[in-house]
K.L.:
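Here it is: the structure, laid out below.
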Amino acid sequence: MVLQINNIILIGFMGTGKTTIGKQVATQLNLNFIDTDQQIVQVSGMEIPKIFSEKGESYFRALENQVFQDVLNQSNQVISTGGGLVIEACNRQLLHRQRENGDLVIWLTASLNTLWHRLKKDDDRPLLKGENPREKINNLVQERDELYREVADYIIDTSEQAPNRVIAEVIELYNKGGS
Ligand code: S3P
């Protein structure tokens, strides 16, 4: 079986800049840009908050896994993934497989203060709705950190860096072949 190589896959928590960074990296490297959340909206015909409220999180996760598998049938892409993609073991297996076949998995991180600053006015993230969203962010980050770490080739902290610096770092890793 021929597996695709040379995708850059961005993982990390909501608000770490995966979409913003991914789009720019794709433009500069002349690769296709794919955002799994956008694909989910396209496939389902529903916005993400509506999927969560009407169908529930497990329906969303199943769709996310399906979309991710489909996206991985192509190569030469920058793939920005939803922040919760790594919580499903099947997605982590896919990420391990992609790494073995030459894809680069980059984990974008940010401090809690930075995440809070970036996410507090956001209405599109159903998991942060309700009481005490700052604490929810903190709890989810704690739960997920080891999962991101398990599948990442590299970590880039976006807290103190301008987006251009992060973009340059991703491109540098890609040009070095991830080594
Ligand atoms: C989620 C992150 C979101 C989106 C959904 C669930 C999560 O993507 O997939 O709201 O579980 O962290 P972003 O990381 O692009 O915001």
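For ligands, and for the atoms within them, numbers begin at 1 and follow the listed sequence.
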K.L.:
Go through the steps to decide whether E100 and R97 satisfy the test salt bridge (charged side-chain N to carboxylate O under 4.0 Å, His left out), and finish with yes or no.
P.N.:
CA-CA 5 Å; E100 277 164 22; R97 183 195 76 182; over 6 Å; no
K.L.:
Just go through D37, L10, D35 and tell me whose heavy atom is the nearest to atom 9 (O) of ligand 1.
P.N.:
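Going through D37, L10, D35 one by one, D37 has the nearest heavy atom to atom 9 (O) of ligand 1.
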K.L.:
Look at atom 12 (O) of ligand 1 and say which protein heavy atom is nearest, naming residue and atom and giving the distance to 0.1 Å.
P.N.:
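Here the nearest protein heavy atom works out to R144 NH1, 2.6 Å.
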K.L.:
Show me which atoms of ligand 1 lie under 4.0 Å from any heavy atom of G84.
P.N.:
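Checking each atom against G84, I get 1 (C), 7 (C), 11 (O), 12 (O).
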K.L.:
Of the choices E64, R61, K18, R125, which has the non-hydrogen atom that lies closest to atom 11 (O) of ligand 1?
P.N.:
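Among E64, R61, K18, R125, the closest heavy atom to atom 11 (O) of ligand 1 belongs to R61.
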K.L.:
Taking 4.0 angstrom as the limit and counting only heavy atoms of P126, give me the atoms of ligand 1 inside it, by number and element.
P.N.:
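Checking each atom against P126, I get 10 (O).
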K.L.:
Below 4.0 angstrom from a heavy atom of L127, which ligand 1 atoms are there? Numbered from 1 as shown, please.
P.N.:
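Atoms satisfying the 4.0 Å criterion: 7 (C), 11 (O).
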K.L.:
Kindly confirm or rule out an N or O of G83 lying under 3.5 angstrom from an N or O of ligand 1.
P.N.:
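There is such a contact, yes.
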K.L.:
Which residue pairs satisfy the side-chain hydrogen bond (donor to acceptor under 3.5 Å, both in side chains) criterion with at least one member in residues 20-29, sequence neighbours excluded?
P.N.:
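Listed by first then second residue: nothing to list.
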K.L.:
When you look for heavy atoms under 4.0 Å from ligand 1, do you find them on the side chain of I48, its backbone, both, or neither?
P.N.:
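The side chain, only.
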K.L.:
Are R134 and N113 close enough that a side-chain donor and a side-chain acceptor fall under 3.5 Å?
P.N.:
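Yes, because at least one side-chain N or O of R134 sits under 3.5 Å from a partner of the opposite role on N113.
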K.L.:
Taking a cutoff of less than 4.0 Å between a non-hydrogen atom of the residue and any ligand atom, is E57 in contact with ligand 1?
P.N.:
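The answer is no, since E57 has no heavy atom less than 4.0 Å from ligand 1.
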K.L.:
Walk me through whether L173 and I106 qualify under side-chain contact (heavy atoms from CB on, under 4.5 Å).
P.N.:
CA-CA 9 Å; L173 288 171; I106 300 178; 3.9 Å; yes
K.L.:
Are more than 12 heavy atoms, taken from residues, nucleotides or ligands other than Q142, located less than 6.0 Å from that residue's CD atom?
P.N.:
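Atom CD in Q142 is packed in, count exceeds 12.
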K.L.:
For Q77, run the side chain to side chain donor-acceptor pair (under 3.5 Å) check against N32, D103, N7 and tell me which one passes.
P.N.:
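The residue from N32, D103, N7 that satisfies side chain to side chain donor-acceptor pair (under 3.5 Å) with Q77 turns out to be N7.
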K.L.:
What pairs of residues pass the ring-ring contact (aromatic ring centres under 6.0 Å, His included) test when at least one of them lies in residues 70-108, not counting sequence neighbours?
P.N.:
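Listed once each, the pairs are W107-Y148.
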K.L.:
Which ligand 1 atoms does F60 reach within 4.0 Å, using its non-hydrogen atoms?
P.N.:
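Here the atoms of ligand 1 in question are 5 (C), 9 (O).
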